[in-house]
Amino acid sequence: MQHDQLRIDGARLWDRLMSMAEIGATAKGGCNRQALTDEDKMGRDLFCEWSRNAGCSIRFDQMGNIFARRAGSDFDASPVIAGSHLDTQPTGGKFDGVYGVLAALEVIETLNDNDVETQHPVEAIVWTNEEGARFAPAMIGSGVYSGEFELEFAHDIQDKSGLTLGGELQRIGYAGDNPCAPSAVQAAFEAHIEQGPILEAQDKTIGVVTGVQGMRWFDINLVGEPVHAGPTPMEMRKDPIRALQVIIGEVYKIADRFAPQSRATFGDLNLTPGSRNTVPENVTLAVDIRNPDDDKLDQMEEQMMAAIEKAASDAGVACSVDTIWRSPAVNFNDDCINAVRTGVETLGIDAIEMVSGAGHDSVYLSRVAPTSMIFVPCRDGISHNEAEDAQPEHLEAGTNVLLHAILERAL
Ligand SMILES: [Zn+2]
């Protein structure tokens, strides 16, 4: 068979997604399979069983990342890898992460079914604790692999009951001996549900993901004077809310100025003392700004800082800004993006190019390996939710794109 004609088995993929979803299934149709729980172990065991049956050799590293390898004709060639995560949020869905893992395995099955020999080995990978729900921070398996976190730091992280990540890895039997460190990789792909509404809104089947938004988190602190709501005339107040309303308006204007790719979100607001007939003394506002272009994000941040300073000084209140987190924008690898584009063209699928608004294992992986991602639509853009849903034909199409992107780099 011509390689262009190769197609994955959508029914097998769907059956496996549904079998995996039974592990940690919740009453509302979602999944609770948090990292390194008994359920996560069962999910991992099932993946390893399927992979062994598909003739893969399996190894896992010191972080419990699982690598299922289909050998290539050139034993020493660097592998083309694809994968994602099997862990879920406490009230997570059936597709977030799991899809990317089982799509990679489905590609290997398809290569087997059609006796396709690739020069490069092909690996399906499970990254440990992507969600960060049980052990924070998120993306810790791929993060240690890529050098973002130290192994000891990761092993010492505790869950709410004081159990450590390292101890739980031992307990479920997935603490490997292989060093958790990058090795040569020919190309890395991750198929994932979009977790947003754009593909569905534009009626497209595939998102060719060219990068990930840069994200910055700040706490804006405003300090005024707590005075009585009645006796104190307006012009004699140092009211931090007067500054706050200007800051919020200005930051929304900044987001509009850099539209459509920019984002600005105020997710948390604290007022103290928090009494309805007293001007607050302290206001803390959490701000999350995003843009796929770090230069534009710099400009957004600069304009935001200027607006904060002016609003505070106009209102006669003190202000300070704490930086909580900065995650640089990611530009995926051109060869990998092109491989996905070629896959889309070979299959004649309706696709758009987009950037990811959410973090993924591929963010860290892209620092040490040529990487890109493939998105498929999910219903109403809902994710991290038991109602998360995706259409079998979209999942099949995304896996076919993954197959042809892998062929593009592995043959
Ligand atoms: Zn995910």
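Both ligands and their constituent atoms are indexed starting at 1 by order of listing. A quick note: this is a predicted structure, and the numbers were derived from the prediction, not measured.
Contact annotation: the side chain of P370 never approaches that of D335 to less than 4.5 Å [non-hydrogen atoms, C-beta and beyond].
Qualifying side-chain hydrogen bond (donor to acceptor under 3.5 Å, both in side chains) partners for R44, counting only residues two or more places apart in sequence or in other chains: D40, T128. Residues satisfying the side chain to side chain contact (heavy atoms under 4.5 Å, CB included) test with A312, not counting sequence neighbours, are L222, V317, C319.
Although no hydrogens or angles enter the test, the distance criterion places a donor-acceptor pair under 3.5 Å between the side chain of Q62 and the main chain of C180.
Of all protein atoms, those of element N, O or S that lie under 2.8 Å from the Zn ion (ligand 1) number 3.
The salt bridge (charged side-chain N to carboxylate O under 4.0 Å, His left out) contacts involving residues 245-258 comprise E250-K253, where partners must be two or more places apart or lie in separate chains.
Residues R341 and E353 are paired through a salt bridge, judged by an N-O separation under 4.0 Å between the basic side chain and the carboxylate.
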